[in-house]
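What follows is a short report on a single structure.
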Amino acid sequence: MKKTVRVTKLLFTTPPLRQVFNEQVWEIVARVPKGKVVTYGQIAAMIPRPRGVGVKHFRAARARWVGGAMASCPSNLPWHRVINVQGKISVRSNNKHHLLQRQRLEDEGILFGAGGRIDLHVNRWRPRK
DNA sequence: GAGATGACGTCCA
DNA sequence: ATGGACGCCATCT
């Protein structure tokens with residue numbers, strides 16, 4: 001039997017002040033230059049831990065919180081430059097956006113390898129600080 | 001009000 | 001390199 005039930009239960013949490021957290025995420029997304037990509041965890045690591053959230057929980061959940069923020073990302077931001085740590089595009093049930101995301105990245109000169117993976121060593125955005 | 005449904009990453013065998 | 005376990009639920013139908 002799989003224990004995914006309990007894991008799933010713990011997996012999907014939301015930050016205390018969702019809107020505030022989301023805005024912090026979007027602010028970072030807005031800074032990603034054309035032709036570069038960032039991962040969910042990378043963005044998460046740039047955001048300070050909110051008061052009242054345990055260290056352990058924050059570390060475990062923050063990457064997914066970023067995903068949650070991206071689900072309602074303003075369309076004027078370069079949302080397509082956010083991918084997962086595998087170098088792949090994270091799919092929602094809506095694979096239409098998946099195709100659009102790949103198209104936009106290719107238009108910026110980003111190459112996709114076998115299995116639809118992007119080489120993060122080459123394309124990862126490394127902010128000054 | 002109940003049920004389905006979520007843009008992930010790290011650590012350890 | 002690869003696979004599995006684990007990590008404080010809220011929101012929309």
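Chain letters run A, B, ... following the sequence lines, proteins first, then strands; residues in each count from 1. Owing to the predicted nature of the structure, the values given are computational and were not obtained by experimental measurement.
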Would you measure the distance from the [atom1] atom in [N] across to the matching atom in [M] and give it in whole Å?
N: B/dA7; M: C/dG4; atom1: P; result: 23 Å
N: C/dT11; M: B/dG1; atom1: C1'; result: 14 Å
N: C/dG7; M: B/dG6; atom1: P; result: 23 Å
N: C/dC8; M: B/dC12; atom1: C1'; result: 23 Å
N: B/dG9; M: C/dA10; atom1: P; result: 22 Å

Taking the side chain of [X] as its heavy atoms from C-beta onward, which of [options] lies nearest to it?
X: A/Lys56; options: B/dG9, B/dA7, C/dC8; value: C/dC8
X: A/His57; options: B/dC8, B/dA7, C/dC8; value: C/dC8
X: A/Arg18; options: C/dC8, B/dC8, C/dT11; value: C/dT11
X: A/Thr14; options: B/dC8, C/dC8, C/dA10; value: C/dA10

Using atom [atom1] of [X] as one end and atom [atom2] of [N] as the other, report the distance to the nearest whole Å.
X: A/Arg59; N: C/dA5; atom1: CZ; atom2: P; value: 18 Å
X: A/Arg64; N: B/dG6; atom1: CZ; atom2: P; value: 11 Å
X: A/Gln86; N: C/dT2; atom1: CD; atom2: C1'; value: 11 Å
X: A/Phe58; N: B/dG9; atom1: CZ; atom2: P; value: 14 Å
X: A/Trp65; N: B/dG6; atom1: CH2; atom2: C1'; value: 15 Å
X: A/Ile28; N: B/dA7; atom1: CD1; atom2: C1'; value: 15 Å
X: A/Lys88; N: B/dG9; atom1: NZ; atom2: P; value: 12 Å
X: A/Met70; N: B/dG9; atom1: CE; atom2: C1'; value: 17 Å

(message) Base, sugar-phosphate or nothing for A/Arg62? Non-hydrogen atoms, less than 4.0 Å.
(response)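 No contact at all - A/Arg62 keeps every heavy atom at 4.0 Å or more from the nucleic acid.
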
(message) Using a 4.0 Å heavy-atom cut-off, does A/Val82 contact any base of the nucleic acid, only the sugar-phosphate backbone, or nothing at all?
(response)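 Answer is nothing: A/Val82 stays at 4.0 Å or more from every strand.
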
Are the side chains of [Y] and [X] in contact, using a 4.5 Å heavy-atom criterion?
X: A/Arg18; Y: A/Trp65; answer: no
X: A/Tyr40; Y: A/Arg62; answer: no
X: A/Val29; Y: A/Val82; answer: yes

(request) Indicate if A/Leu77 and A/Leu100 have the same hydrophobic cluster label, given that clusters are the connected sets of ILVMFWY residues with side-chain heavy-atom separations under 4.5 angstrom. (result)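 Yes, A/Leu77 and A/Leu100 fall within the same hydrophobic cluster.
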
(message) Are more than 12 heavy atoms, taken from residues, nucleotides or ligands other than A/Glu27, located less than 6.0 Å from that residue's CD atom?
(response)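 No, not enclosed.
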
(request) Kindly give the cluster partners of A/Leu120, where membership spreads through any ILVMFWY side chain lying under 4.5 Å from a current member. (result)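 Listed partners: A/Val37, A/Ile83, A/Ile89, A/Leu105, A/Ile110, A/Phe112, A/Ile118.
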
(message) Taking Watson-Crick (N1-N3 plus N6-O4 or O6-N4) and G-U wobble (N1-O2, O6-N3), each under 3.5 Å, can you produce the dot-bracket string of DNA chain C? Use [ ] for crossing pairs and | for inter-strand ones.
(response) .||||||.|||||

(message) Checking side-chain polar atoms at under 3.5 Å, does A/Gln42 have a donor or acceptor matched by the opposite partner on A/Arg124?
(response)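 The answer is yes; a qualifying pair exists.
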
(message) Ignoring hydrogens and geometry beyond distance, is a side-chain donor-acceptor pair present between A/Glu108 and A/His80 at under 3.5 Å?
(response)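 Yes - a donor-acceptor pair under 3.5 Å links their side chains.
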
(message) Tell me whether A/Phe12 and C/dA10 count as stacked here, given that the ring centres must be under 5.5 Å apart and the planes must differ by less than 30 degrees.
(response)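 Here the ring of A/Phe12 and the base of C/dA10 are not stacked, as the 5.5 Å and 30° limits are not both satisfied.
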
